[in-house]
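Side chains included, hydrogens not; waters and symmetry mates left out as well; all remaining heavy atoms used. Bear in mind that the values here come from a model prediction, so they are computed numbers and not experimental data.
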Amino acid sequence: MYLRDGFPDQRLHVLPRLLAKQALQRKPTSRMLVTDAGYFPHAARHGRWRRAGAAETIVIMCTDGSGWCELAGARHDVGPNEVLIIPAAVSHQYYAAEAEPWSIWWLHVTGDDVPDLLSAIGLTVAAPTAPMTDPFRAFALAESICDELARDETAASLTAAAGAAWNLLAQLAAERDGRGVTREPIARVQDYLRAHLSASLNIRQLAELAGYSTSHFSARFRSLTGFSVTEYTKRLRMARARQLLVASALSIAEIAAAVGYHDPFYFSRHFTAVNGMSPREYRARDNGENRPRQRA
């Protein structure tokens, strides 16, 4: 038996259909509206089958584990750091893998700008999945969407969520265009940093990995990411820490070690500076949230 939702420590936000209809009749949410969003960690037996498809486009981003989707009679596997896009009104079914079920950020989007952004991303019914170049940034945007929808259902919150969704889709489009070749040396470093969050930072070794001198590497990295290597790594670590705070029972000291901090107090200071609250407050806030209705 498959489950639509109800997973421990999940996040789930669903707009009332009447509110969504009203939001689509005014700008700027007529151009981009997130009607549903959430995070399902270790979603064992998660699955959906929509014979007539969904009214909105569905974006699913896998953080861990795996799953699969069937579109137009073809099966497509979805693994860590991959995105799956299901166009509106297309019959589909998707399921978490039995052995290692996926953890996913997901959202439903609609509005006038969605078709152009989907066209820029380039995923189709025949080829609906792709690896993400910067998955942690994408996951952070999905998390901010959930934060805005959890705040309240005012026009301001819906607009903020829409802006983050537009940013997310634009990022996915940028990763799929011709800039991928230009970014490849820095992308290798980004991949390395994501895979070695607990490792000590060594700028010289990272520059060698990219094939640049140390000074050129640092300048190139900042120009392409908008952050120094140190700040970018810190934000990667904080994004992973947020996931572990929500989806695991690890202590704060264990989470600190998992993302490269040997001193949990130093970790807590960095976490608070980035997130505006301590790790303990972040975990308590998420555990205390109301988790509404169904849908995914």
Side-chain angles (χ1 to χ4, degrees), residues 39-42 59-67 77-84 100 102-106 121 129-146 164 167-176 179-212 217-218 220-248 250 254-262 267 270-271 273-275 279 282:
Y39 176 60
F40 288 173
H42 309 295
V59 180
I60 295 175
M61 297 180 294
C62 181
T63 68
D64 296 294
S66 63
D77 293 329
V78 185
N81 299 331
E82 291 186 337
V83 60
L84 162 68
E100 295 185 15
W102 59 18
S103 296
I104 55 172
W105 289 99
W106 57 268
I121 294 171
T129 66
M132 291 181 287
T133 302
D134 194 349
F136 282 91
R137 183 181 177 192
F139 301 155
L141 286 168
E143 183 179 22
S144 71
I145 291 168
C146 289
N167 194 349
L168 170 59
L169 295 183
Q171 176 190 321
L172 295 175
E175 291 179 355
R176 300 277 293 169
R179 282 173 286 178
V181 175
T182 304
R183 294 183 69 250
E184 185 175 350
I186 297 302
R188 287 200 300 270
V189 174
Q190 290 174 300
D191 289 342
Y192 177 86
L193 291 172
R194 285 190 288 269
H196 299 83
L197 288 179
S198 63
S200 299
L201 198 60
N202 187 311
I203 301 298
R204 181 182 60 79
Q205 289 180 353
L206 295 176
E208 290 176 356
L209 178 62
Y212 294 137
F217 165 71
S218 296
R220 183 69 174 159
F221 191 96
R222 182 182 288 276
S223 71
L224 288 173
T225 68
F227 297 106
S228 68
V229 179
T230 300
E231 182 66 18
Y232 182 86
T233 303
K234 180 172 73 174
R235 290 179 178 273
L236 284 182
R237 288 170 170 172
M238 294 305 110
R240 180 58 177 162
R242 290 194 299 269
Q243 292 177 12
L244 292 173
L245 286 166
V246 172
S248 80
L250 295 175
E254 289 171 330
I255 291 173
V259 297
Y261 289 84
H262 299 296
F267 161 73
H270 275 203
F271 188 94
V274 171
N275 298 285
Y282 187 89

Could you check V83 against I121 for side-chain contact (heavy atoms from CB on, under 4.5 Å), going step by step and ending with a plain yes or no? CA-CA 11 Å; V83 60; I121 294 171; over 6 Å; no
Any non-hydrogen side-chain atom of V229 less than 4.5 Å from a side-chain atom of V189? no
I need the minimum non-hydrogen distance between A164 and S144, along with the two atoms involved. CB-OG, 3.5 Å
If you measure from CD1 on I60 to CD1 on I104, what distance do you get to the nearest 0.5 Å? 5.0 Å
d(Q171 CD, T133 OG1) to nearest 0.5 Å is 8.0 Å
Residue set satisfying side-chain hydrogen bond (donor to acceptor under 3.5 Å, both in side chains) with E100, at least two apart, ordered chain then number -> none
One thing to verify: whether R188 and D191 come together as a salt bridge, which I'm taking to mean a side-chain N less than 4.0 angstrom from a carboxylate O. no
Test item: I203 and S218 side chains (from C-beta on) under 4.5 Å apart, heavy atoms: yes
Rounding to 0.5 Å, atoms CG (L245) and CD1 (I255) come to a distance of 4.0 Å
How far apart are the closest heavy atoms of A210 and F217, and which atoms are they? CB-CD1, 4.0 Å
Do L206 and F221 have side chains that get closer than 4.5 Å, going by heavy atoms? no
Distance col, row L209:CG vs R204:CZ, nearest 0.5 angstrom, shows 12.5 Å
Of all heavy-atom pairs linking A258 and S198, the shortest is O-CB, 3.6 Å
Worked verdict on L193 versus F136 for side-chain contact (heavy atoms from CB on, under 4.5 Å): CA-CA 11 Å; L193 291 172; F136 282 91; over 6 Å; no
With a 4.5 Å cut-off on side-chain heavy atoms, are D77 and T129 touching? no
Go through the structure and list residues passing ring pair (Phe, Tyr, Trp, His ring centres under 6.0 Å) with H262, not counting sequence neighbours. none
In this structure, CD1 of I145 is separated from CG of L168 (nearest 0.5 Å) by 5.5 Å
Ignoring hydrogens and angles, tell me if any N or O in the side chain of R237 forms a donor-acceptor pair with the backbone of L197 under 3.5 Å. yes
Minimum heavy-atom distance between M132 and A138, given as atom pair plus value: SD-CB, 3.9 Å
Knowing that exactly one of R222, R137, Q190 qualifies, which makes a side-chain hydrogen bond (donor to acceptor under 3.5 Å, both in side chains) with Y232? Q190
Main-chain N/O of S228 paired to E231 side chain as donor or acceptor, under 3.5 Å: no
Does one side chain, of Q243 or Y39, offer a donor that lies under 3.5 Å from an acceptor on the other? no
Counting C-beta onward and ignoring hydrogens, is there a side-chain heavy-atom pair between Y212 and I186 closer than 4.5 Å? yes
Evaluate the side-chain proximity of C146 to W105: yes if any heavy-atom separation is below 4.5 Å, no if none is. yes
When every non-hydrogen atom of W102 is compared with those of C62, the smallest separation belongs to CB-SG, 3.8 Å
Rounded distance (nearest 0.5 Å) linking atom CD of E208 with atom CG of N202: 8.0 Å
Given 3.5 Å as the limit, does a donor-acceptor pair link the side chain of T63 with the main chain of S103, or not? yes
Listed partners of F267 passing ring pair (Phe, Tyr, Trp, His ring centres under 6.0 Å), at least two apart: Y261, F271
Where E82 and P131 come nearest, the two heavy atoms and their spacing: CG-CA, 4.0 Å
